Protein chains: 2
Amino acid sequence: MSTPTLRDVAEAAGVHAATASRALNPETRRLVNSDTARRVIKAAEALGYQPNPIARSLKTSKSGTIGLVLPDLTNPLFPPIVRGIEDVLGPAGFSALIVNTDNDPAREQQQVMTLRSRQVEGLIVATARLEHPLLQQLHEQGVRMVLVNRRTDDLDVPSITPDDARGVELAVEHLVKLGHTRIAHLAGPQSTSTGVVRARAFHSALRGHGLDDDPALLVTCDYWSEEEGARALRQVLDGGAEFTAVVAGNDLIALGCYDVFAERGIDCPGEVSVVGFNDMPFLDKLRPPLTTVAVPHHQIGVEAGRMLLESIHEPDRSPRSVFLPLSLVVRGSTAAAPASRA
Amino acid sequence: MSTPTLRDVAEAAGVHAATASRALNPETRRLVNSDTARRVIKAAEALGYQPNPIARSLKTSKSGTIGLVLPDLTNPLFPPIVRGIEDVLGPAGFSALIVNTDNDPAREQQQVMTLRSRQVEGLIVATARLEHPLLQQLHEQGVRMVLVNRRTDDLDVPSITPDDARGVELAVEHLVKLGHTRIAHLAGPQSTSTGVVRARAFHSALRGHGLDDDPALLVTCDYWSEEEGARALRQVLDGGAEFTAVVAGNDLIALGCYDVFAERGIDCPGEVSVVGFNDMPFLDKLRPPLTTVAVPHHQIGVEAGRMLLESIHEPDRSPRSVFLPLSLVVRGSTAAAPASRA
DNA sequence: TTGTAGGCGTTATCAA
DNA sequence: TTGATAACGCCTACAA
């Protein structure tokens, strides 16, 4: 015999299915005589009754699932965020459906369609670009969502991001204390809030320390990747401007620098110091171990999960945005500036 | 107005809902006049009709979801497998629900319950232990599943694993060619097929090359972790037996060796060579870059997805197991054996 | 080839 | 407090 249904339980308890439903659902249990309730619950246990969430969904039009839109799960940034989200969602009875967009808007659109057709009750989105028509449109359609890591311009949607500006300040401060005065920035894509905010914070940090802000020391990467990081560093190097330190847009870009160091025989941190951003796993095993800004990824997930649950349960709350505090992890890729050759 | 239903489409096309259903479903389209079909399809497009998979599930008792049981998504091994699975499942109309067990059997049981209550149509399981009562029980209950990475004893369930034995052979062969004769193995947990198979293959490879198989050169790790790897290597070192190379159970264990090298001032590969297993990302950025056995993780996912689909669509096929070929990636952590000090 | 009717398992509404 | 009834959106015998 197959799995017992509510009817079976009701029958076993000698009540109507509707009553059994009420007794089994904590929300409505108070509507039923506590003796009957007990009886129903006991019957349910005896039969090993498991409610069928699909039938429930059909009736309530609540799927108990949310969608998680990532660029690429393979980026070590995301798994801890996913775990954080699930740690909050699971106990609340929700499951996450994960999709990867590979930064392809067409694919993203298609994947979001899939999620919506599966009736997700909300979206956690890690792929936001500053201009993002799809998100705009979803928002207008009243789709509940929370942005993580990145934000979108002019869109009143809650977001959970690291305090990127503060992270860059920490990095610059650290380098300045080590005596660096000529610092380059390999910025991330300027289509993302992360890329823009970090670059802007970099400039203002330089000015804050009274350093000059040489345009030759800023290169923008088209992707958050090693290849782009390498390309960007080569470009600075080939430009001929002097510098003794690099603030990389993120760890992958910093790893690209390592490739160029090897390629050109540059000593890090002897000749050039590097700071990354994110604190990916295993960075301490590199040579030199990478100094970087640690982002509380798990926490980002937790907060995002909470915020989405909140907006599901209290749809009228006005959206808040959260900036999570960051810390600098000093390792071996940064050292005192070499004696000035000027 | 909310999302259009099948009825709306039918009405728009001037047919009955049943006809619309038949027209929209490729399986049954041939039952309907091709003109009517065209009309229905056009109406569906005009309205932006999306079938409600929940309603469909309730009727067909097919959820279109499968469960993916992982120890921990945060282990870089798994994301590529997940992507591989989704690459196959997505186009087939399935979505994956991912759960993490943290290697805790109680948590695993609870998570699997959740998955089953969500009516997943099958399970892909990466947490198999050799003795695994839960899997045994699920199998007896007729739950469709595919094992990845690891297998289970005495259970007639399809599995997709790397050809672990061959991988170890490749590693040992490589070391022998470099002149190593005293080789240690830091084995993974012997509760997993992976740990056992690799250890067994290690012994037989040594014998195959006529080397002696000193028990002092084998230590078993309780977990696949850096900490355990470090502990195991210290144990070999402290045992005093001579050796010039290590075959680590996996990359994390190898990373633990790096910690011990740093701690004790041992030169790798000058004094000791190390080979890992898995080829995690960024291993080429370590110092020295880690020589390791590359496992086709994405492909494992693809094959697992395919096999699960197969067993869903043709339940009577007898289970097959697949061993995927491996290759050795030679990097900087292995070098010629130092001149014998004997 | 198309329509009718019934039901998948649950919950919401109404009446008793 | 409980029961009867209908409905969520879809699919599928069966009948026409």
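Predicted model only: the values in this text are computed from it and were never measured.
Over its length, the helix from C/dT1-D/dA16 to C/dA16-D/dT1 turns its helix axis by 40°, as judged from the five terminal pairs at each end, rounded to 10°.
Between B/D35 atom CG and C/dT1 atom P the separation is 11 Å, expressed in whole Å. Rounding to whole angstrom units, CG of residue B/N25 and P of D/dC10 are separated by 12 Å. For the pair B/Q50 CD and D/dC10 P, the computed distance is 11 Å after rounding to whole Å. Distance CD (B/E11) to P (D/dC10): 14 Å, rounded to an integer number of Å. Rounded to a whole Å, the CD atom of A/Q119 is 12 Å from the C1' atom of D/dC10.
A/V112 pairs with exactly one of A/V143, A/T127, A/L138 by the side chain to side chain contact (heavy atoms under 4.5 Å, CB included) rule, that one being A/L138.
Minimum interatomic distance between A/Y49 and A/P4 (heavy atoms only, all atoms of both residues): CD1-O, 3.4 Å. Minimum heavy-atom separation, B/I160 to B/I300: CG2-O, 3.9 Å.
In summary, B/K42 and B/E45 do not engage in a salt bridge, as defined by a charged side-chain N under 4.0 Å from a carboxylate O. Between A/E310 and A/R320, at least one side-chain nitrogen of the basic residue sits less than 4.0 Å from a carboxylate oxygen of the acidic one, meeting the salt-bridge criterion.
Put simply, B/S21 has a side-chain N or O that comes within less than 4.0 Å of OP1 or OP2 on D/dC11.
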Quiz item: Which letter, B, S or -, goes with each nucleotide of nucleotides 2-8 of chain C from 5' to 3', with contact meaning a protein heavy atom under 4.0 Å?
Solution: BBB-BBB
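Screening residues 61-79 of chain A for side-chain hydrogen bond (donor to acceptor under 3.5 Å, both in side chains), with sequence neighbours left out, gives A/S63-A/T65, A/D72-B/R83.
Separation of atoms OG (A/S21) and CZ (A/R7) is listed at 12.0 Å; rounding is to 0.5 Å. Atom CD of residue A/E108 and atom CE of residue A/M113 lie 13.5 Å apart, to the nearest 0.5 angstrom.
Between A/Y49 and B/R30, it is B/R30 whose nearest contact on DNA chain C lies nearer the 5' terminus.
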